[in-house]
Amino acid sequence: MQSQIIDKNLIQQIGNDAVREAQKRSLENGIPNVYSKNNVLYYQLPDGTITMEDPFSKGKLKQQLEILTKVEELSLNDN
């Protein structure tokens, strides 16, 4: 029983560390992190700002998202 608790804690810690690393890398690459609380989306921008305004709806991030979406559609159509 004790080893199962340790295993669960270890798995939880590994998962938490992986999420923090992914969040850090996203911000370093200029990609906002997105969080949801009470069904409201919040965006953490690379400069640390937290906003409810969707940064993917305009500007450079919108263009990048549109390109990635088109690439994904092409990839799906090839299969």
Between side-chain atoms of residues 63-71 and protein atoms elsewhere (two or more places apart, or another chain), which donor-acceptor pairs fall under 3.5 Å?
| residue | atom | partner | partner atom | Å |
| --- | --- | --- | --- | --- |
| Thr69 | OG1 | Leu65 | O | 2.7 |

Flag side-chain contact, heavy atom, 4.5 Å: [X] against [Y]:
X	Y	result
Met52	Leu41	no
Phe56	Val34	yes
Tyr42	Thr51	no

If you take all heavy atoms of Gln44 and Leu27, which pair is closest and at what distance?
-> O-CD2, 3.5 Å
Using the salt bridge (charged side-chain N to carboxylate O under 4.0 Å, His left out) rule, collect all pairs that involve residues 35-53, keeping only residues at least two apart or in two chains.
-> Glu53-Lys58
Consider only side-chain heavy atoms of I, L, V, M, F, W and Y, link residues closer than 4.5 Å, and tell whether Tyr43 and Ile31 are in one cluster.
-> yes
Side chains of residues 14-26: which donor-acceptor partners sit under 3.5 Å, not counting sequence neighbours?
| residue | atom | partner | partner atom | Å |
| --- | --- | --- | --- | --- |
| Asn16 | OD1 | Gln12 | NE2 | 3.1 |
| Asn16 | ND2 | Gln12 | O | 3.4 |
| Asp17 | OD1 | Gln13 | NE2 | 2.8 |
| Asp17 | OD1 | Arg20 | NH1 | 3.1 |
| Glu21 | OE2 | Arg25 | NE | 3.0 |
| Gln23 | NE2 | Tyr35 | OH | 3.1 |
| Ser26 | OG | Ala22 | O | 3.1 |

